[in-house]
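Numbering of ligands and ligand atoms starts at 1, following listing order.
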Amino acid sequence: MQEPTAPQKQIIFSGIQPSGTPTLGNYIGAMRHWQRMQQDYRCIYCVVDLHTLTVRQSPAALRKQSLEMLALLLAVGLDPAQTVLFLQSHVSGHAELNWVLSCYTYMGELSRMTQFKEKSARHADNINAGLFAYPVLMAADILLYQAHLVPVGADQKQHVEICRDVALRFNGLYPGAFTVPEPYIAPNGARVYSLQDPAHKMSKSDAEDTYISLLDRPDVVRRKIKRAVTDSDGEIRYDPQTKPGVSNLLTILAALQGNSVADCAAALAGMGYGALKDAVAQTVVDTLSPMQARFDALMADKPYLEQVLAQGADQADRIARRTLEKVYKKVGLCPRPR
Ligand code: TRP
């Protein structure tokens, strides 16, 4: 008897820069949902090492961070048997489609990008063409895989918009070239703020003591949370307006325990901030420790990581080639004689 064919899963594509370890905020806002998403979607996750070159990198550090990012993706529960995991530079189609799309993207739309304006202010000595064209490569990443959904944080929404605009423009000229992607906003992606300045999002580009990195070991986690900013009224209550520090700690606790902030606050009612911080620190440690153990084991097994990368590159390349051949044909490039 023939198996009924499963309905086609929607394709999710996301790119992750190998520049530094993600924070607890990245984990709570996005990464903790990835394991479950593999069942509902066809997931493709790409470590975007080419994008990282837009800012000067130490070659040895970049190589190390690319492998570490892969190990972290595996450690949070992505399964290479279900999900395509690879390095962007291993699939040449990204650079090739980037060129074609750059001929269909306007200088005007690129110069409106907030991230370009910010990054060129921050790296005034190195405003290179890659920094300017960054969103084109990102559009190539997404469109190569005919992705339906792109999980991104608020800061990347503008880039997904430009990707959509380019895809629609291209499809207008050459119908059926690309799937037009939508940004995917995680249904319960809580927002985590800086431990020292809870008006700002937790970010790894801020000072060390403002964020928790996924690789912070227990003593570091405990110290950072003990020093987190609270307030002086002493009541454990969720109220982001007047009690942003305490509310941020409750958000972390609730997300990691799978409870509501109200239940977490109720369970700690009448206790002091010391008790709240102990509970948060313990929950964070309990979440990160098993992940870090998996990460350490993976980093000690280079042959395995390389095997995952080789398999991922093959899978990604097969999909990317199909799109690229279609695009080359549509724009009028001659097929290479066999
Ligand atoms: N620009 C994204 C960031 O900095 C990374 C990225 C590159 C990406 N290509 C992508 C994200 C494609 C989603 C889809 O976070």
Query raised in the report: Just which atoms of ligand 1 are under 4.0 Å from any heavy atom in Val48?
Result: 7 (C), 9 (N)

Query raised in the report: How are the rings of Tyr134 and His159 set relative to one another: parallel (under 30°), tilted (30 to 60°) or perpendicular (over 60°)?
Result: tilted

Query raised in the report: Would you say His159 and ligand 1 have an N/O pair spaced under 3.5 Å apart?
Result: no

Query raised in the report: Side chains of Gln158 and Thr114: do they bring a donor and an acceptor to under 3.5 Å?
Result: yes

Query raised in the report: Looking at Tyr145 versus His94, is the centre-to-centre ring distance below 6.0 Å?
Result: yes

Query raised in the report: Hey, mind stepping through Thr230 and Leu249 against side-chain contact (heavy atoms from CB on, under 4.5 Å) and telling me if it holds?
Result: CA-CA 9 Å; Thr230 51; Leu249 292 174; 4.2 Å; yes

Report task. Distance to 0.1 Å, residue and atom name: give those for the protein heavy atom nearest to atom 2 (C) of ligand 1. Result -> Gln156 OE1, 3.4 Å

Report task. Using salt bridge (charged side-chain N to carboxylate O under 4.0 Å, His left out) as the criterion, list what pairs up with Asp296, not counting sequence neighbours. Result -> Arg217

Report task. Give a yes or no on whether the ring-centroid distance for Tyr184 and His33 is below 6.0 angstrom. Result -> no

Query raised in the report: Do any pairs count as a ring-ring contact (aromatic ring centres under 6.0 Å, His included) and have a residue in residues 198-248, sequence neighbours left out, and if so which ones?
Result: none

Query raised in the report: Counting heavy atoms only, which of Gly15, Cys163, Ala147 comes nearest to atom 8 (C) of ligand 1?
Result: Gly15

Query raised in the report: With a cut-off of 4.0 Å, which atoms of ligand 1 are near a heavy atom of Ile142?
Result: 12 (C), 14 (C)

Query raised in the report: Going by atom types alone, do Asn248 and Thr251 pair a side-chain donor with an acceptor below 3.5 Å?
Result: no

Requested in this report: Check ligand 1 against Phe13 and write out every atom of the ligand that is under 4.0 Å from a heavy-atom position of the residue.
Outcome: 12 (C), 14 (C)

Query raised in the report: Among protein heavy atoms, which sits nearest to atom 9 (N) of ligand 1, and what does the distance come to when rounded to 0.1 Å?
Result: Asp141 OD2, 2.7 Å

Query raised in the report: When you measure from atom 10 (C) of ligand 1 to every protein heavy atom, which one gives the shortest distance, and what is it?
Result: Met138 CG, 3.4 Å

Requested in this report: Using a strict 4.0 Å cut-off to heavy atoms of Val150, name the atoms of ligand 1 that fall inside it.
Outcome: 13 (C), 14 (C)

Query - Numbered atoms of ligand 1 (with element) below 4.0 Å of Tyr134, judged on heavy atoms - result: 1 (N), 2 (C), 3 (C), 4 (O), 5 (C)

**Report entry** Under-4.0 Å heavy-atom contact with ligand 1, by part of Leu137 that carries it
**Finding:** neither

